[in-house]
Structures are given as structure tokens and as C-alpha cells.
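Report on the following structure.
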Amino acid sequence: MSALDTLADRMFPDVTHTPEEYEALYPARQLKEGARVTRIAPSPTGYLHLGVLYAATINYLTAKSTGGVFYFRLEDTDSKREVDGGAEDILAGLSHYGLTPDEGYGGPGKETGNYGPHRQSDRAEIYHTYVKDLVRKGLAYPCFCTAEQLNAVREEQESRKERTGYYGAAAVCRRLSPEEALQKIEAGLHYVVRLRSPGDESRRVKFDDMVKGTIEMPENDQDLVLLKTDGIPTYHFAHAIDDHLMRTTHVIRGDEWISSVPIHLQLFQVLGFKPPKYAHISPIMKEENGNKRKLSKRKDPEAAVRYFTEEGYPIQSVMEYLLTIASSGFEDWRKCNPAADRFSFPFNLKKMSVSGALFDLDKLNDVSKNVVSAMDADAVTRYILEWAAQYNQEFHAKLAADPVFAQGIFSIDRGGSKPRKDIGKWSDAPDYAAYFYQRPDPTGLEYPESLHAADIKEILSSYPPVYDPSQDRQQWFDAIKALCPALGFCPEVKEYKKNPDGYKGHAGDVSTVLRIAVTGRRNTPDLCSIMRLLGKEEILARLQAAASVL
RNA sequence: GGCCCGAUGGUCAAGAGGCUAAGACACCGCCCUUUCACGGCGGUAACACGGGUUCGAUUCCCGUUCGGGUCACCA
């Protein structure tokens with residue numbers, strides 16, 4: 001038995017399996033040619049972030065469009081930063097947006113697929129098996145340097161303006177013999193396990209990134225940490241092991257990882273794995289003081305996907321917006337295929353934008369108004385009810401008290417070839433519907449300045465007798481026109497414009513006065529429909545209240 | 001600072017060695033119209049800078065500037 005074997009056994013006495021066994025346990029997937037296996041592998045350090053949803057969308061689309069597999073892996077190797085319920089929130093959020101993984105970690109005790117476990121904290125044995133093998137082969141070694149020592153080395157390197165890190169002369173533990181290392185372990189010293197990097201900084205690695213193109217960088221020569229003191233792997237090592245064993249074909253992740261690719265490639269090489277294809281996507285940015293920066297969980301409310309749910313953006317809207325950012329062709333495709341399932345969009349990683357897009361709320365709102373305008377009243381009412389139950393109970397109580405009336409509100413001017421686009425998110429609804437539930441304050445009404453109070457009062461008092469709820473839109477307006485001559489108003493707007501001085505105003509002004517008295521607003525959807533919904537009694541009461549204060 | 005990546009209107013973006021440099025959002029104007037919204041029409045607004053290569057660069061090359069990322073026992 002060699003000294004390295006002894007060392008390896010001493011370091012990992014509990015490892016009973018071999019890498020070969022795991023290779024056999026997780027065989028290559030039997031998928032059709034071209035099928036891509038992708039994944040979303042968030043770490044539960046907070047709630048679902050827009051960036052994660054975005055990356056998940058792209059991974060999902062990539063897998064689905066090729067008949068592949070999209071799975072979920074939980075990267076919970078940093079217990080210090082873990083947030084309670086984070087994993088569940090992320091999982092629930094993804095499903096909510098239609099990105100349900102085909103396999104993976106599904107919550108406490110829930111695992112699907114043949115390539116698990118997918119929670120890294122459940123994979124310690126696997127990682128240890130591979131590290132042990134590396135130690136035995138002399139490709140990894142224990143390092144006993146303390147944080148203080150490491151800091152001292154770094155400062156030294158900085159003062160000499162050298163590249164910092166654990167490499168070359170700084171890599172003291174690399175030069176320990178297996179016997180010396182064993183001795184330190186026996187002495188009870190804590191250690192991490194480092195890779196014995198075969199890299200050379202003067203050589204260059206080249207790789208093809210599916211979105212950024214060909215990239216060339218110096219080779220990695222850092223003896224990076226594989227296993228932390230607590231025996232838990234670092235991201236880099238876990239990435240290599242997991243994505244290999246889970247047979248990921250395409251690693252699609254944020255471009256903050258791009259500078260680590262030389263490390264990852266080296267890891268795959270040392271472990272004897274075939275590396276996956278990489279696609280590094282640009283993050284969604286935010287503008288601040290004229291500069292771009294990544295959307296920040298702390299500073300930007302819209303970074304949390306929860307924000308969109310709370311604001312009441314339909315899931316379709318958020319997804320469509322994400323897709324327009326992800327692929328410039330999406331909007332055109334959507335225009336040609338208005339009803340198509342968004343996931344049937346022929347997505348292509350190579351057409352993704354290379355630089356990060358600024359998050360544009362205006363654009364989201366526009367996308368969302370289009371989405372909402374295509375829904376029927378039934379759906380809109382249902383969604384608003386659902387949203388309000390959660391985020392605006394007072395409003396919910398009003399709607400729920402009379403669902404038919406509520407649906408009536410959202411039916412006005414809906415449907416047809418030119419639907420209204422007033423509502424972009426459900427939180428717009430309370431204000432949109434306010435006057436249906438509350439009489440305007442008669443003393444606060446603002447009428448057009450061109451009209452005299454006396455004329456307004458006359459309009460208000462002469463209208464009630466001609467109002468009949470059974471009138472259709474045309475009859476309703478004809479009745480208003482018929483009232484005009486006696487009031488000194490011109491029934492026809494066009495005619496009025498030819499001779500403005502001959503009248504006090506026109507039929508439109510008359511209806512505006514009624515509109516204001518009934519709704520308290522100058523701008524509303526079709527007044528005739530509003531009146532019919534409100535009911536004659538209510539209308540008369542509102543008109544009278546308005547007239548009484550003049 | 002080292003190493004990577006990037007740069008087309010305010011934003012998102014097509015584009016290609018020669019075009020009047022698309023389109024969408026936002027903004028402005030006009031039309032339609034009982035208000036608003038919708039819709040239609042039109043408008044303001046861009047190839048970061050300096051060198052090359054070329055008959056001709058916004059497009060290719062180099063440099064500069066600016067922006068972004070990364071340099072952990074975090075992911």
C-alpha cells in the first residue's frame with residue numbers, strides 16, 4: 001500500500017464506493033440525438049430572484065425544444081447563507097411560472113429521476129469518493145493553512161504586486177509529503193482538500209461559449225479548494241461532479257461564471273470527465289446614477305419574483321417579457337403567432353444578446369397590457385379575485401360580494417378587435433373600478449372650465465327623465481343629443497366646431513358632465529355601459545347629489 | 001491592478017464591407033372619436049473615440065475611452 005493510499009484512507013475512512021460504481025449507477029442517458037439536458041441549480045440563499053427565473057426559462061426552453069430534460073438541483077453547500085424556506089420558495093415560484101422541472105429535488109424528502117439525489121447536502125459520500133480517488137492518485141492533497149496564514153500570503157503577494165492566490169511558492173502544503181500530511185492529520189490539524197493543479201499560467205485555454213463565442217484565457221494554476229474544512233465541496237468541485245454524474249449536456253448559467261471556466265475545464269480533465277457545453281447568459285441589469293449594474297436582491301424590489309406576484313402581473317406577462325429579453329426574435333414571432341404556446345418558440349442560444357439588458361418596467365407594462373387585453377372578462381375577473389384575495393382584501397370583499405357585478409365591470413369594452421388596455425397588472429384594478437363601489441364626492445367634482453355652473457346644473461337636472469337603462473349605446477347617446485337644443489348645446493360635434501360661438505358646447509360636453517357626475521372622472525370606459533351596470537336608482541342618486549351642490 | 005467580455009436612438013434591439021441604418025417600448029404631433037383607452041398616420045432620436053486595411057468602413061484589425069464581470073474554505 002502506497003503512502004498516498006494510506007493518506008487517502010486516513011482522510012476518508014468511510015468511503016466504501018468507487019468512482020466506477022457511480023459511473024455505472026448513473027449511466028449516460030438514453031435520449032434522442034440532439035436532446036439537451038439542462039438544469040437550474042440555485043442556492044437557497046434567499047427567495048426566487050428574477051435572474052434565476054430568467055436562467056430557468058432559458059434552460060427550460062433549451063431542454064424542451066430539443067426533447068431533452070430539465071432538472072432542478074439544490075446547491076446548499078453554504079449553510080451560513082442559507083435562508084429558511086428559500087428552496088421551497090424557489091421551487092414553488094418556478095412551478096408557478098410554468099417551469100416545472102422534469103426531475104430533481106422537489107422539497108424535503110422529495111426526489112425524482114434516476115440521477116439523484118439532487119440536493120448537494122445529500123451527496124457528501126459521492127464527493128468524498130471522488131476526492132479520495134484524487135488524493136490516492138496524487139491529484140489532490142490536504143492543506144493545513146489557516147485563514148491567517150492565507151491572508152498573510154495574500155498581503156505579501158499584493159505588496160509585491162504579484163498575482164494573488166494559492167499557487168507556485170505560495171502553495172506550501174502542495175509540497176508536503178504524504179507522510180508529513182498524515183502526521184499533521186494525526187496531530188488533529190484541520191484541513192481542506194485542494195486540487196494539485198496541473199495548469200500553467202503561461203498556457204491558454206480556449207473554449208466555445210454558445211452565447212459569447214470563442215473565449216481564450218490563461219490556464220488555471222491555482223490549487224483551489226475542493227472540499228472545505230467541514231468536508232463539503234466548493235461550487236467548482238460540486239459542479240464538475242454533479243453535472244457529469246447527472247449527465248448535463250449544456251450548462252447554461254449567469255456570465256459571472258465565465259472567469260471560472262478554466263477551473264471547471266481543468267476539473268473535468270483531471271477527473272477524466274467529458275466537459276459539458278457552456279452558455280453564459282448576461283444578467284438583467286438595472287440603471288442607477290447613469291450606470292448599469294446587476295439587478296440587486298437588496299436594492300431592487302423587482303429583483304424578487306415575488307414583487308411581480310404582489311403587483312399582480314399575470315405569469316404570462318412576466319414570461320413573455322423575459323422571453324423578449326432573452327431573444328430578440330420573440331416579439332416578431334409572437335406577432336405572427338399570437339395564440340401559440342410561448343414555449344413552442346424556436347429558441348436559439350446563439351441568438352441571445354451578448355450584453356446585459358436593462359430591466360425596463362415600461363416595456364413589461366406594455367407587454368402585460370397586451371396580454372391582459374387578450375383575456376376575456378371571465379378570466380380577468382377570476383385573476384383579479386385571486387390576486388385581491390391575497391393582496392387586497394378590502395377590494396376582494398367588494399368584488400366577492402357580487403361576482404356578477406364585478407365581472408360586469410371588467411366586461412366593459414372588453415373583447416372585440418380593439419380592446420381597452422387600461423389594466424396591465426391586477427393592482428391597477430382597485431383604482432380602475434373605484435367609482436363602481438363608491439359615489440364620488442359631489443363637492444370635489446371638476447367640470448370643464450368652459451361650462452358655467454348654471455348650465456351644468458341644468459344638464460344634470462334635465463337628464464334623468466330621458467334616461468332609460470334599456471337603451472343601447474346608440475339610443476343612449478341619441479337621447480343626450482335630443483336634449484342638446486333645449487340646453488343651448490349643439491347635438492353634433494362637427495357642426496359645433498364650424499360654429500363654436502353659436503352654442504354653449506356640444507353633445508360631448510353634455511356627456512362629459514354626466515360622466516363626471518356619475519364617476520367623478522373625466523376619462524372612463526363607455527359611460528352607457530357604466531350606467532347600466534350601476535343601475536338607474538344609483539345613477540339618479542349620483543346625478544342629484546351632483547346637482548344639489550351647484 | 002491582472003484576466004475576461006462588451007459598446008447601434010432614453011430603453012430593448014435587427015443589420016451588413018456600399019441600404020435613406022429595420023422594428024418594439026417610451027416621448028411628441030395629427031387623425032378617428034361623446035371622454036379616455038384602442039387603432040391609424042407621422043415625428044424627435046443612434047452606429048463611443050483615434051488610427052489603420054480598403055475604391056469604400058458603423059461593419060474587419062489595432063489602440064483609447066467607457067461600461068460590465070471576476071480574482072474566497074460564497075455560490
Side-chain angles (χ1 to χ4, degrees), chain A residues 41-45 75-78 80-81 120 143 145-147 150-151 154 158 161-166 190-194 201 209 212-213 215-218 222 224-236 238-239 253-262 280 282-283 285 287 290-294 321 324-325 327-329 331-332 335 351 353-367 369 373 413 416-423 448 473 476-477 480-481 491-493 506-516 519 521-528:
Chain A
S43 99
T45 55
E75 311 227 322
D76 60 342
T77 57
D78 185 5
K80 287 187 287 292
R81 297 201 310 155
Q120 292 182 331
C143 168
C145 294
T146 62
L150 258 18
N151 280 337
R154 159 161 298 107
E158 275 168 2
K161 297 210 193 302
E162 285 172 4
R163 196 157 52 87
T164 59
Y166 208 79
H190 291 292
Y191 61 89
V192 299
V193 182
R194 288 183 185 272
E201 218 253 343
D209 185 277
K212 309 268 182 189
I215 295 174
E216 209 184 300
M217 272 185 263
Q222 304 262 344
L224 53 108
V225 173
L226 265 22
L227 243 37
K228 299 182 258 185
T229 309
D230 55 10
I232 292 173
T234 55
Y235 171 86
H236 306 298
H239 155 54
R253 62 220 319 183
D255 68 2
E256 68 269 21
W257 289 110
I258 220 161
S259 53
S260 316
V261 173
H280 289 93
S282 311
M285 314 287 280
E287 180 168 345
N291 286 144
K292 278 173 147 189
R293 60 168 171 73
K294 262 170 81 173
Y321 175 61
T324 65
I325 293 183
S327 181
S328 60
E331 276 187 285
D332 286 338
K335 210 181 234 169
K351 284 194 183 156
S353 171
V354 184
S355 46
L358 242 27
F359 180 80
D360 187 350
L361 197 61
D362 279 331
K363 184 72 180 179
L364 200 219
N365 284 133
D366 179 68
V367 168
K369 283 182 177 180
S373 76
D413 288 350
S417 59
K418 293 181 182 178
R420 298 188 72 82
K421 294 184 180 173
D422 297 297
I423 297 177
R473 210 161 151 164
W476 174 85
F477 195 58
I480 288 174
K481 282 183 179 176
E492 302 300 334
V493 181
H506 55 76
D509 292 324
V510 175
S511 74
T512 293
V513 167
L514 296 174
R515 182 188 314 280
I516 290 170
T519 68
R521 300 184 184 185
R522 291 185 74 144
N523 308 327
T524 73
D526 179 45
L527 224 208
C528 172

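Below, chains carry the letters A, B, ... as their sequence lines are ordered, and counting in each starts from 1. Computed from a predicted model, the values in this text were never measured in an experiment.
- Of the residues near RNA chain B, A/Pro419 and A/Pro218, the one whose nearest nucleotide (by heavy atom distance) lies more toward the 5' end is A/Pro218.
- The partner of B/C60 is B/G52, judged by Watson-Crick or G-U wobble contacts that both fall below 3.5 Å.
- With B/U11, B/A14, B/C5 as the choices, the nucleotide that has an atom nearest any side-chain atom of A/Ser328 turns out to be B/A14.
- With both ends at atom P, the span from B/A72 to B/U58 equals 41 Å, rounded to whole Å.
- With rounding to whole Å, A/Lys481 atom NZ is found 12 Å from B/U33 atom C1'.
- For B/G39, the paired nucleotide is B/C31, the pair qualifying as Watson-Crick or G-U wobble because both relevant distances are below 3.5 Å.
- Nucleic acid contact class of A/Ala507 (heavy atoms, under 4.0 Å, all strands): none.
- Atom pair A/Leu364:CG and B/C12:P shows a separation of 15 Å (rounding to whole Å applied).
- Taking the 5.5 Å centre cut-off and the 30° plane limit, the aromatic side chain of A/Tyr235 is not classed as stacked on B/C74.
- Each of A/Ser355 and A/Leu227 has a nearest nucleotide on RNA chain B; the 5'-most of these lies closest to A/Ser355.
- When the C1' atom is used for both B/G10 and B/U44, the distance is 12 Å, rounded to whole Å.
- Comparing B/A75, B/C73, B/A37 by their closest approach to the side chain of A/Thr77 singles out B/A75.
- Of the candidates B/C74, B/A13, B/A24, B/C74 carries the atom nearest the A/Thr234 side chain, counting heavy atoms from C-beta on.
- Contact check for A/His280 versus A/Glu256: no side-chain heavy atoms found under the 4.5 Å cut-off.
- The partner of B/A72 cannot be assigned: no Watson-Crick or G-U wobble pair with both contacts below 3.5 Å exists in any strand.
- A/Arg154 comes within 4.0 angstrom of sugar-phosphate atoms only, judged by non-hydrogen atoms across all strands, and of no base.
- Between the CD1 atom in A/Ile423 and the CG atom in A/Asn365 there is a gap of 13.0 Å [rounded to 0.5 Å].
- Using a 4.5 Å heavy-atom cutoff, the side chains of A/Ser43 and A/Tyr235 are not in contact.
- Between the base of B/U34 and the side chain of A/Arg515 there is a donor-acceptor pair shorter than 3.5 Å.
- Distances shorter than 4.0 Å separate some side-chain N or O of A/Lys228 from OP1 or OP2 on B/C74.
- At least one side-chain nitrogen or oxygen of A/Ser353 sits closer than 4.0 Å to the OP1 or OP2 atom of B/A13.
- Pair assignment for B/G23: B/C12, on the basis of Watson-Crick or G-U wobble contacts that are both within less than 3.5 Å.
- An OP1 or OP2 oxygen of B/C38 is reached within less than 4.0 angstrom by no side-chain nitrogen or oxygen of A/Ser373.
- When each of B/A24, B/A13, B/U34 is scored by its nearest atom to the side-chain atoms of A/Ser511, the top-ranked nucleotide is B/U34.
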